[in-house]
Amino acid sequence: MLASRNMALSSPSLTAQTLAVLGSICLDPDAEWYGLELSKRSGLKPGTIYPILARLLRAGWLERRWEDIDPVTEGRPRRRLYRLTGGGAIAARHALDQQLALMQGRQYREDAKPRPRPKLA
Amino acid sequence: VSILLPIVGTLAAVAAALARALAVDEIRGYIQRRITASVNATIELLPSKLQQEWADEWRAELSSTLSSPVAAARFALGLRRSALELMRNSAVASENSTEHRDGQAAKSERSAGVDFSDRRRQAALQEAARSMARAYEILSAQLGVTNLRGDLFMREAAICAKAGLIWKHGADYHDAIDPDTGEAVEIKSMCLREGAPLHFFTSRSFSPSVMERFRASGYWLFGVFDDSSHLIILYRVGGDDMEAQLAPLSEKTAMRAARGEPFLNNPKIRLDSIRPACTVVFQSPDFEEYEAASGRWCVRRRISGRVEDDHLLGTLRAAWAKIRRRR
């Protein structure tokens with residue numbers, strides 16, 4: 001559905017980890033993040049975020065660039081920064097909304113289930 | 001004593017602090033070197049294209065965590081998992097770039113593959129194959145086990161390594177993908193019985209979807225193996241040239257489907273029928289093709305060549321001893 005709105009986008013597989021990453025980015029959609037920082041914010045194990053980033057990049061939801069600094073002056077190597085693309089921001093928000101609706105629906109159904117009566121002594 | 005004791009005590013404390021600091025620095029340096037080496041090894045695991053994409057970024061991220069060895073070690077462990085997943089996804093992506101892409105994306109996300117165009121993987125497989133071949137030889141020569149023909153993965157992997165292909169896992173997919181052209185490759189193999197005509201089994205349930213997969217293949221590879229799973233000869237036939245073989249099978253499949261009968265079970269493709277169209281990709285110097293009296297093409301061990309088979313060597317020695325005795 002979203003892909004038809006923006007032909008450059010495709011839909012990556014939205015696992016729980018991918019949604020966690022998207023959720024972290026969507027908290028500040030204009031910001032740029034580097035991998036380690038993003039995995040900390042998403043609660044993923046360090047070093048495990050790159051396949052997710054690769055999938056989101058391939059789907060056109062994210063874009064990346066090398067940090068514009070002088071490594072000698074800063075005393076550290078350049079980082080690679082990721083941020084949502086225009087279409088990616090819409091798609092991510094949509095995916096998160098859908099997931100939220102799904103979870104709320106499930107919660108609603110669980111609440112609606114009849115609870116077992118306590119046994120009488 | 002009252003003057004010297006505090007001085008000696010202070011000196012000892014300074015020396016102990018210095019030694020401790022040096023030891024801590026040394027240990028920390030050692031751990032950091034080990035972690036860096038581990039990350040570098042992980043990067044080297046990747047195919048060159050992925051290395052170019054990720055190496056600098058990972059090294060940069062590592063340098064920002066190295067000051068905390070525990071965090072750096074966790075990062076290095078995570079990277080190993082990432083590398084494996086990226087390699088799997090990369091193999092899938094190369095498959096998706098072929099015509100096979102439509103409607104297969106969800107399925108292929110779950111499929112796994114091994115890229116045998118990488119020389120290090122070829123070497124690793126060769127080592128595994130050598131060990132397994134040795135195991136087969138022991139089983140056969142010392143234990144008399146004869147049914148050593150079910151090692152389908154090793155056969156397919158050996159063929160992929162020889163031809164530099166990406167081996168694909170799962171029954172719903174092509175056997176392999178050519179990383180250079182993106183073509184799907186169908187692999188068939190058999191174990192040689194000397195003197196018997198060569199034929200290759202196709203599929204246990206020859207359904208229309210199998211036929212579709214066969215027809216979508218860019219080319220076919222037919223491998224012949226000996227009892228110890230050594231590749232003897234490897235033939236290649238173009239996808240178009242296979243149509244002559246597939247057309248009658250397709251007709252039979254359609255008829256059976258129309259009648260509601262079970263699909264064909266493992267129809268064979270004879271070497272004679274594909275030989276005019278095939279090219280030999282590899283041939284062991286110890287074996288040769290020959291045309292039998294029946295007019296069929298067979299493969300046999302070259303007597304004049306290097307003889308590895310202990311049993312055959314023993315037979316030859318015994319025959320030679322008999323001839324010498326007669327003289």
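FYI, side chains are in, hydrogens and waters are out, and symmetry mates aren't considered; it's all heavy atoms of this structure. Owing to the predicted nature of the structure, the values given are computational and were not obtained by experimental measurement. Chain letters run A, B, ... following the sequence lines, proteins first, then strands; residues in each count from 1.
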Query raised in the report: Does a salt bridge link A:Glu67 with A:Arg80, judged by any charged N lying under 4.0 Å from a carboxylate O?
Result: no

Requested in this report: Taking the six-membered ring for Trp and the full ring for Phe, Tyr or His, determine whether the centres of B:Phe214 and B:Phe206 are under 6.0 Å apart.
Outcome: yes

Report task. Among residues two or more places apart or on two chains, list those pairs meeting salt bridge (charged side-chain N to carboxylate O under 4.0 Å, His left out) that have a residue in residues 19-32 of chain A. Result ->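 For residues 19-32 of chain A, and leaving out neighbouring residues, the salt bridge (charged side-chain N to carboxylate O under 4.0 Å, His left out) pairs sorted by first residue read A:Glu32-A:Arg65.
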
Query raised in the report: With respect to chain A, which residue among B:Arg80, B:Glu85, B:Glu57 yields the maximal number of heavy-atom pairs within a distance under 4.5 Å?
Result: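 Ranked by heavy-atom pairs under 4.5 Å with chain A, first place is B:Glu57.
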
Requested in this report: Please examine the side chains of B:Ile187 and B:Trp220, heavy atoms only from C-beta on, and report whether any two atoms are closer than 4.5 Å.
Outcome: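 Result no, sub-4.5 Å side-chain heavy-atom pair not found.
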
Query raised in the report: Is there a side-chain contact between B:Arg215 and B:Ser250 (heavy atoms, below 4.5 Å)?
Result: yes

Query raised in the report: Does the side chain of A:Tyr50 pick up a donor-acceptor pair with the side chain of B:Glu53 at under 3.5 Å?
Result: no

**Report entry** Interface moiety of A:Leu44 toward chain B, non-hydrogen atoms closer than 4.5 Å
**Finding:** neither

Query - Residues in residues 62-71 of chain B near chain A [non-hydrogen atoms, under 4.5 Å] - result: B:Ser63, B:Ser64, B:Thr65

Query raised in the report: Are the side chain of B:Ser82 and the backbone N or O of A:Gly47 linked by a donor-acceptor pair below 3.5 Å?
Result: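 Flag set: sc B:Ser82 to bb A:Gly47 pair under 3.5 Å.
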
